[in-house]
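Structure first, commentary second.
Positions are given from 1 along the sequence.
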Amino acid sequence: MSENLQAEIEFKVDFNDCDPMKIVWHGNYINYFERARCALLDKIGYNYIAMEESGYLFPVTEVKAKYIKSLRFGDICRARATLTEWENMIKINFELYNARTGELTTKGTVSQMCVKASTGETQFVCPKIWTDKVEKMMRG
C-alpha cells in the first residue's frame, strides 16, 4: 500500500471529550477517526465538498473499533488513516496512538458506499473522478 494513501494528524484530547474519570468516552474515538479521514480526503483532493460538487455522496455503512488502551484528558492523539479500498467502496483503516508514549490505543475500520446525490441510487463502482485521484496519489 502506498504511503501516499495515508494521512496523520495530531491533536490534544480536550476535556469535553472525556467522561467523569477523564478518559475519552468511547464514542469520541469515532470522531477522531473522522478527523483523520477528513485529512486523508483533503490530501487526495476529494473531500466531502468535492464529493457533493461532483454529484456523489459517500454515507458510512460500517464502523468497527477495537479499544486497546484509553486516551485521557491532555494526551496528544496521533491519528492515522489509510485508504485500503477505493474502487467499489471507500474503506479506511485507522490507528490512534498516544503520541507521547507511542502506544497504540485504538484500531478501526470505516466503510462508505457511493450514492448518486440526485437520485439516492447506490453506485456499485466508485466514480472515475474519485478513482483517478486515488491512482494519481498512488503514483506520487
Side-chain angles (χ1 to χ4, degrees):
M1 184 63 50
S2 171
E3 286 188 25
N4 292 336
L5 299 182
Q6 286 186 351
E8 275 193 12
I9 58 169
E10 286 192 4
F11 53 91
K12 187 174 182 181
V13 172
D14 292 327
F15 181 78
N16 63 320
D17 287 348
C18 299
D19 64 18
M21 297 176 290
K22 298 181 184 163
I23 295 172
V24 172
W25 176 69
H26 70 277
N28 282 325
Y29 291 91
I30 307 307
N31 289 331
Y32 297 168
F33 290 176
E34 177 65 19
R35 290 184 190 188
R37 177 174 47 226
C38 286
L40 177 61
L41 294 175
D42 283 343
K43 182 178 177 181
I44 292 170
Y46 195 66
N47 60 24
Y48 291 127
I49 294 168
M51 289 175 185
E52 188 173 13
E53 287 173 352
S54 71
Y56 297 97
L57 305 172
F58 287 81
V60 170
T61 58
E62 184 175 33
V63 175
K64 292 182 183 180
K66 172 74 173 170
Y67 303 102
I68 300 163
K69 188 167 181 149
S70 298
L71 286 167
R72 298 176 174 274
F73 171 61
D75 285 343
I76 304 298
C77 177
R78 185 174 77 245
R80 178 185 302 143
T82 305
L83 183 66
T84 60
E85 189 170 331
W86 58 88
E87 294 174 317
N88 299 315
M89 63 188 298
I90 294 176
K91 186 174 181 182
I92 301 173
N93 290 343
F94 298 91
E95 295 174 326
L96 305 179
Y97 294 87
N98 180 320
R100 290 187 181 130
T101 66
E103 293 176 291
L104 178 66
T105 65
T106 313
K107 297 189 315 185
T109 303
V110 172
S111 299
Q112 297 171 256
M113 63 184 250
C114 183
V115 173
K116 191 167 188 172
S118 62
T119 64
E121 184 180 335
T122 299
Q123 306 295 296
F124 294 102
V125 176
C126 288
K128 186 170 175 25
I129 188 171
W130 160 251
T131 57
D132 284 352
K133 287 181 181 288
V134 171
E135 289 167 8
K136 181 179 177 185
M137 287 297 297
M138 288 177 58
R139 291 189 298 271

Legend entry - Listed partners of T61 passing side chain to side chain donor-acceptor pair (under 3.5 Å), at least two apart: none
Legend entry - By side chain to side chain donor-acceptor pair (under 3.5 Å) - contacts of N31 (at least two apart): N28
Donor-acceptor pairs are to be reported for all side-chain atoms of residues 125-134 against protein atoms at under 3.5 Å, with residues two or more places apart or in another chain.
residue	atom	partner	partner atom	Å
K128	NZ	D132	OD1	3.1
K128	NZ	D132	OD2	3.0
W130	NE1	W86	O	2.9
T131	OG1	K128	O	3.3

Legend entry - Set of ring pair (Phe, Tyr, Trp, His ring centres under 6.0 Å) partners for F15, sequence neighbours left out: F73
Legend entry - Within one Ile-Leu-Val-Met-Phe-Trp-Tyr cluster: I30 and I92, side-chain cutoff 4.5 Å: yes
Any donor-acceptor pair under 3.5 Å linking the side chain of [X] with the backbone of [Y]?
X   : Y    : answer
Y67 : H26  : yes
N98 : R100 : yes
Y32 : V13  : no

Residues which pass side-chain contact (heavy atoms from CB on, under 4.5 Å) with [X], listed by chain and number, not counting sequence neighbours:
X    : result
E103 : K69, T101
E8   : R78, R80
D19  : M21, I23

Inset, instruction - Keeping to residues at least two apart or across chains, list the salt bridge (Lys or Arg N to Asp or Glu O under 4.0 Å) pairs with something in residues 43-54. - result: none
Inset, instruction - With sequence neighbours excluded, give me every salt bridge (Lys or Arg N to Asp or Glu O under 4.0 Å) pair touching residues 55-68. - result: E62-K64
Legend entry - Where A36 and A81 come nearest, the two heavy atoms and their spacing: O-CB, 3.6 Å
Inset, instruction - Linking directly or through intermediates, with side-chain heavy atoms under 4.5 Å: list the remaining ILVMFWY members grouped with W25, chain and number order. - result: none
Please list, one pair per line, the donor and acceptor atoms closer than 3.5 Å that link side chains of residues 107-121 to other protein atoms, with sequence neighbours excluded.
residue	atom	partner	partner atom	Å
T109	OG1	N93	OD1	3.1
Q112	NE2	F58	O	2.8
T119	OG1	E121	N	3.1

Inset, instruction - Report the distance from atom CD1 of I90 to atom CD1 of I44, rounding to the nearest 0.5 Å. - result: 8.0 Å
Inset, instruction - Name all pairs fulfilling the ring pair (Phe, Tyr, Trp, His ring centres under 6.0 Å) condition that reach into residues 92-114, sequence neighbours left out, sorted by first residue then second. - result: F33-F94
